[in-house]
2 protein chains.
Amino acid sequence: MDAFSAAAEPNRRRILQLLASQPKTVTEIASAFPVTRSAISQHLLLLAEAGLVAAEKVGRQRIYRVVPEGLRALQAEIDRFWTDELDRLVVDADTLRSNR
Amino acid sequence: MDAFSAAAEPNRRRILQLLASQPKTVTEIASAFPVTRSAISQHLLLLAEAGLVAAEKVGRQRIYRVVPEGLRALQAEIDRFWTDELDRLVVDADTLRSNR
DNA sequence: CCAATGCGTTAGTGATGACTAACGTATTCG
DNA sequence: CGAATACGTTAGTCATCACTAACGCATTGG
């Protein structure tokens, strides 16, 4: 799965945002969600496969953190999608709105 | 399905880009993909439900075009995801790279 | 040591996604 | 009018996803 699709799932989006502020353990992350720790663990593994997060083993905990290089790749994917043409359409719409 | 997830699917990403350059009929779009017209039609309906595209009936054709307002919503969703913190991590990574 | 803690793993389930093939419907062209 | 065209629609398949429950393994604290 590419980074774009991996990041699109709502729970995974929130996980990335949580980890952006600072690294966290699996339990910490899971406590912010209504689903089980197992589900979160699986999301984390998927994000890790996509190169967006990485785990560091510390004692019996695993500290997950965001991988800047992976984020860069994601941003590049988004940018590649968000072409100038798409952007122009949005900007034009904005202009029309502000002229009303 | 929210706009972010709708736009994440690779084929739909390409459809949006195609339509960004100019409106097209279903057959025109489908000719750019290896899958059947039916599959494309279904992707288009899903994109329409997400408010990202709209169809105008012209004779026996349907001209699909991108909906600027929907794109704006998508961009807003992406921006809400791409927080300052995520951005800072990427920028820092860039700085490190250029210092090597 | 032994119980508790932190996680990954596995198996199973229900839902959904992406797709094809076949069909139905409206529209146009000769 | 009748064939061809442009689409949507439907049904069915196969794969994948998101999730839970249960278990297993390492690590640590009393």
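Each chain gets a letter, A, B and so on, in the order its sequence line appears, and its residues count up from 1.
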Rounded to whole angstrom units, what separation is found between the CD atom of A/Gln61 and the C1' atom of D/dG29?
13 Å
Could you tell me whether the phosphate oxygens of D/dC19, OP1 or OP2, come under 4.0 Å of any side-chain nitrogen or oxygen in A/Asn11?
yes
Protein-nucleotide distance (A/Arg60, atom CZ; C/dA3, atom P), rounded to Å
15 Å
Give one of base, sugar-phosphate or nothing for B/Gln42, where a contact means two heavy atoms less than 4.0 Å apart.
base
Under 4.0 angstrom between A/Tyr64 side-chain N/O and C/dG8 OP1 or OP2:
yes
On DNA chain D, more 5' by nearest nucleotide between A/Val58 and A/Ala39 is A/Ala39
Distance check needed: C/dT16 P versus B/Glu9 CD, whole Å only.
17 Å
With a 4.0 Å limit, can you tell me whether B/Arg37 has a side-chain N or O closer than that to the phosphate oxygens OP1/OP2 of D/dG8?
no
Roughly how many Å is it from CG in B/Leu45 to P in D/dA6, rounded to a whole number?
18 Å
Under 4.0 Å between a side-chain N/O of A/Thr36 and OP1 or OP2 of D/dC19, yes or no?
no
Check the phosphate of D/dC17 against A/His43, side-chain N and O only, distance under 4.0 Å to OP1 or OP2. Yes or no?
no
Under-4.0 Å side-chain N/O to phosphate OP1/OP2 contact, A/Ser41 with C/dC7
no
B/Val67 with A/Val90, same ILVMFWY side-chain cluster at under 4.5 Å:
no
Whether A/Gln61 side chain and A/Val58 backbone form a donor-acceptor pair below 3.5 Å
no
Will you find, in the side chains of A/Ser21 and A/Gln17, an N or O donor that is under 3.5 Å from an N or O acceptor?
no
Option among B/Lys24, B/Glu56, B/Gln22 that satisfies the side chain to side chain contact (heavy atoms under 4.5 Å, CB included) test with B/Ile63
B/Glu56
Just to confirm, is there a sub-4.0 Å distance from OP1 or OP2 of D/dT27 to any side-chain nitrogen or oxygen of A/Lys57?
yes
Distance-only donor-acceptor test (3.5 Å): side chain B/Ser38, base C/dA21
yes
Whole angstrom is fine here: how far is it from CE in B/Met1 over to C1' in D/dT16?
13 Å
Indicate yes or no: does B/Arg72 engage B/Glu69 in a salt bridge with an N to O separation below 4.0 Å.
yes
A/Arg13 and B/Asp2: CA distance, side-chain angles, deciding distance, side chain to side chain contact (heavy atoms under 4.5 Å, CB included) verdict:
CA-CA 12 Å; A/Arg13 252 183 275 175; B/Asp2 62 14; 2.6 Å; yes
With a 4.0 Å cut-off on heavy atoms, is B/Thr27 in touch with a base, just the backbone sugar-phosphate, or nothing at all?
sugar-phosphate
Within the pair B/Arg62 and C/dA26, is there a side-chain N or O less than 4.0 Å away from OP1 or OP2?
no
Between A/Ile40 (CD1) and C/dT9 (P), how many Å, whole number?
16 Å
Roughly how many Å is it from CD in B/Glu56 to P in D/dG8, rounded to a whole number?
13 Å
Report the residue (A/Thr25 or B/Pro10) whose heavy-atom-nearest nucleotide on DNA chain C is the more 5′ of the two.
A/Thr25
Assign each of A/Val35 and A/Gly59 the nucleotide of DNA chain D bearing its closest heavy atom; nearer the 5' end lies the nucleotide of A/Val35
Tell me: CD of B/Glu49 to P of C/dT16, nearest whole Å?
13 Å
